[in-house]
Amino acid sequence: MFFIYIIQLLQVLGQDDDPIHTSILHGSSDLGYYFVNIYVGNPPQRQSVIIDTGSSITAFPCDACDQTKSCGIHLDQYYIRKNSLTYEELDCKSQFGECTCLRCLNQQCIFSISYSEGSHLEGFYLKDQVIFGDLLMEAKSSSNESISKKDSSVTSVFGCTTRETNLFKTQQANGIMGLSPKTNTSLAFPNIVDDIHTQHNGMNLFFAICIGRIDGYMAIGQYDYSRHQKNSAYYTISYMHTQNKPVYGVKISQIKVHNKTILAGADLQSGGGSFIDSGSTLVNAHPDVTRALVNFFVCESSNCPKMQFNDDLACYVYNKTLHGSFEQFISFFPTYQFIMENNFIFDWTPKDYLTKDMVQHDAYCLPVAQFSGSVRMILGQVWMRNWDIGFDKENLTLTFVRSNCSSDQLKHNFTADDWFQNELNQSNITVKTRYPPKNVDQEFIYEALKIVIVVLTSIIIIVFIVCIRKRNLSKQNKKGSKLPEAEDENQKAVQKKVVVVQ
């Protein structure tokens with residue numbers, strides 16, 4: 001593995017006009033997310049960030065966050081502003097790319113974002129140099145002066161997190177990297193993909209995500225074709241997004257199993273429709289859609305046990321004595337065919353979707369869960385597995401090509417038993433299922449609600465104080481009317497002094 005990594009590094013070092021930035025993704029079904037390393041500041045400080053096509057914010061804790069109260073312990077040290085020679089804070093009038101600061105507090109440009117399961121981030125924006133991925137960072141540190149001087153960094157805006165809750169606080173990765181179509185618009189600052197496109201000549205406004213069962217890779221600029229098998233088939237469709245729905249929406253006309261339609265387009269396009277979200281762990285859907293998918297999750301073997309539900313997911317227990325090899329076991333399950341435009345059929349095979357249960361490790365589940373929010377279908381990481389999906393933001397298209405998505409580009413022929421054994425060999429990590437934002441278009445609702453609560457509370461307190469004051473004055477007036485004349489004059493003098501003091 002080390003030898004392969006050196007070969008990849010030499011390839012990067014030898015390309016003076018490399019149109020591709022490729023980096024390894026770290027993650028798995030156990031972890032519940034996939035992250036990439038970026039290097040921020042001068043000198044660079046490593047930050048691990050979850051790739052999230054459903055979010056528009058890149059953010060991670062910095063030295064302004066109290067680790068004992070407001071932020072958690074993560075893989076990397078917090079970003080320290082004073083250690084970078086090039087950092088710059090954004091004020092209320094700051095503009096970068098197509099976006100001008102939207103919200104301001106104490107002369108700082110601020111942000112906040114909330115997720116459905118209760119996770120929350122808030123903080124303020126900074127600007128600094130950023131390098132994408134480990135290989136480019138190695139190139140920057142090369143002893144070859146002509147290579148190390150090659151500028152692989154870009155100036156980018158990101159959030160300095162000052163408060164994180166729930167999964168954001170307990171996760172291993174430091175933060176999040178938003179990749180949604182909303183970036184570099186009037187509603188959001190550019191992300192690192194936008195910045196590489198505008199600041200590096202010849203770089204397309206394109207990124208590709210290839211999620212494996214364990215790890216994967218991400219490329220910026222164009223596909224890393226060296227990681228695809230020869231004669232690979234490429235399928236391109238349009239993605240749908242609007243200002244009100246800034247997501248990578250896909251039009252699914254129907255879903256089939258055994259050439260039988262189990263869900264029609266009307267069920268899949270109602271409400272918020274269907275969209276790809278690499279920040280979500282599972283496929284989350286309306287209850288009617290979920291039930292239809294689960295109903296066809298049938299193990300077609302007399303040796304299969306009854307289906308069981310673990311944490312609301314439909315599962316079957318694998319028994320090597322009864323089922324033989326894992327390759328044989330997965331052959332008992334159906335392939336779901338997602339029919340899309342241009343006659344593209346997205347095959348979601350058992351090798352792609354079967355997910356190891358986190359408690360009962362010999363059980364494998366269909367990773368489809370009911371979503372209690374608005375009607376929509378969220379296609380998370382488990383749906384993206386083993387496809388290298390290209391996001392072309394210039395042409396508003398998505399391209400799909402089959403790949404094992406291994407971080408090892410030289411090995412293409414994994415069997416089911418290979419990755420089954422790899423998953424068993426991994427240390428068991430409690431899954432942290434990540435859900436999409438509460439509303440992709442309303443990232444600031446949480447903060448707005450807090451402001452409304454503070455204002456209402458202040459009004460109630462003021463009204464209460466005024467009522468108490470009026471009551472006290474009324475009592476004093478009644479008491480004063482019963483005093484003798486001399487005492488009444490003294491009381492008036494005291495009241496005047498009280499008024500002066502007040």
Side-chain angles (χ1 to χ4, degrees), residues 28-30 32 211-214 252 254-264 267-268 281-339 345-371 377 379-387 402 404-405 412-426 428 430-431 433:
S28 65
S29 298
D30 283 7
I211 289 176
R213 297 190 69 91
I214 300 174
I252 303 172
Q254 55 186 313
I255 298 177
K256 291 184 175 183
V257 173
H258 301 315
N259 208 32
K260 177 182 178 181
T261 299
I262 65 170
L263 284 165
D267 300 314
L268 303 168
T281 307
L282 308 175
V283 170
N284 298 275
H286 185 269
D288 291 342
V289 175
T290 301
R291 279 193 293 269
L293 294 173
V294 171
N295 286 342
F296 281 84
F297 181 53
V298 178
C299 182
E300 298 175 348
S301 170
S302 58
N303 290 329
C304 282
K306 289 184 178 180
M307 184 172 67
Q308 61 188 46
F309 283 86
N310 298 347
D311 292 329
D312 297 326
L313 297 183
C315 307
Y316 286 94
V317 173
Y318 166 64
N319 184 311
K320 188 172 183 179
T321 302
L322 293 176
H323 305 135
S325 69
F326 199 73
E327 194 79 49
Q328 290 174 298
F329 176 65
I330 68 172
S331 69
F332 302 149
F333 296 94
T335 292
Y336 294 88
Q337 293 185 314
F338 291 70
I339 314 301
I345 300 177
F346 180 98
D347 286 330
W348 200 32
T349 71
K351 189 174 179 180
D352 304 323
Y353 65 71
L354 282 176
T355 300
K356 182 163 62 73
D357 184 73
M358 292 301 102
V359 177
Q360 189 175 351
H361 296 305
D362 56 352
Y364 280 78
C365 310
L366 178 68
V368 176
Q370 292 188 11
F371 183 66
M377 186 177 187
L379 306 171
Q381 303 147 13
V382 291
W383 187 84
M384 302 171 67
R385 277 182 188 155
N386 303 325
W387 287 88
R402 267 295 183 183
N404 65 12
C405 298
H412 285 290
N413 297 315
F414 277 126
T415 67
D417 289 273
D418 286 334
W419 55 252
F420 172 64
Q421 192 59 47
N422 284 340
E423 287 185 338
L424 287 181
N425 291 339
Q426 270 203 324
N428 293 320
T430 302
V431 68
T433 303

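All values below come from the heavy atoms of this structure, side chains included, with hydrogens, waters and symmetry mates left out.
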Report task. Take Tyr364 and Cys315, measure what side chain to side chain contact (heavy atoms under 4.5 Å, CB included) needs, and give me the verdict at the end. Result -> CA-CA 5 Å; Tyr364 280 78; Cys315 307; over 6 Å; no

Are any non-hydrogen side-chain atoms of [X] and [Y] less than 4.5 angstrom apart?
X: Leu282; Y: Pro367; answer: yes
X: Leu379; Y: Met384; answer: no
X: Leu293; Y: Tyr353; answer: no
X: Asp357; Y: Leu313; answer: no
X: Val289; Y: Leu268; answer: yes

Report task. For His323 and Gln328, indicate whether the former's side chain and the latter's backbone hold a donor-acceptor pair under 3.5 Å. Result -> no

Query raised in the report: Is Arg385 reaching over with its side chain to a backbone N or O of Asp352, donor-acceptor style, under 3.5 angstrom?
Result: yes

If you compare all heavy atoms of [X] against all heavy atoms of [Y], which two are closest, and at what distance to 0.1 Å?
X: Pro334; Y: Val257; answer: CB-CG1, 3.7 Å
X: Val382; Y: Trp348; answer: O-NE1, 3.1 Å
X: Asn386; Y: Arg402; answer: O-NH1, 3.2 Å
X: Thr281; Y: Gly32; answer: OG1-O, 2.8 Å

Query raised in the report: Does atom CG of Asp311 have more than 12 heavy-atom neighbours, drawn from other residues, nucleotides or ligands, at distances under 6.0 Å?
Result: no

Find the distance between [atom1] ([X]) and [atom2] ([Y]) and round it off to the nearest 0.5 Å.
X: Cys365; Y: Gln308; atom1: SG; atom2: CD; value: 7.5 Å
X: Asn284; Y: Phe371; atom1: CG; atom2: CZ; value: 6.5 Å
X: Asp347; Y: Lys256; atom1: CG; atom2: NZ; value: 12.0 Å
X: His258; Y: Tyr336; atom1: NE2; atom2: OH; value: 9.0 Å
X: Asn259; Y: Gln337; atom1: CG; atom2: CD; value: 7.0 Å
X: Lys260; Y: Ile255; atom1: NZ; atom2: CD1; value: 14.5 Å

Requested in this report: Measure from the ring center of Phe297 to the ring center of Tyr316 and say whether it is less than 6.0 Å.
Outcome: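 Distance test on ring centres: under 6.0 Å, yes.
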
Report task. Apply side chain to side chain contact (heavy atoms under 4.5 Å, CB included) to Leu354 and Ile330, showing your working. Result -> CA-CA 8 Å; Leu354 282 176; Ile330 68 172; 3.6 Å; yes

Requested in this report: Classify the ring geometry between Phe329 and Phe333 as parallel (under 30°), tilted (30 to 60°) or perpendicular (over 60°).
Outcome: perpendicular

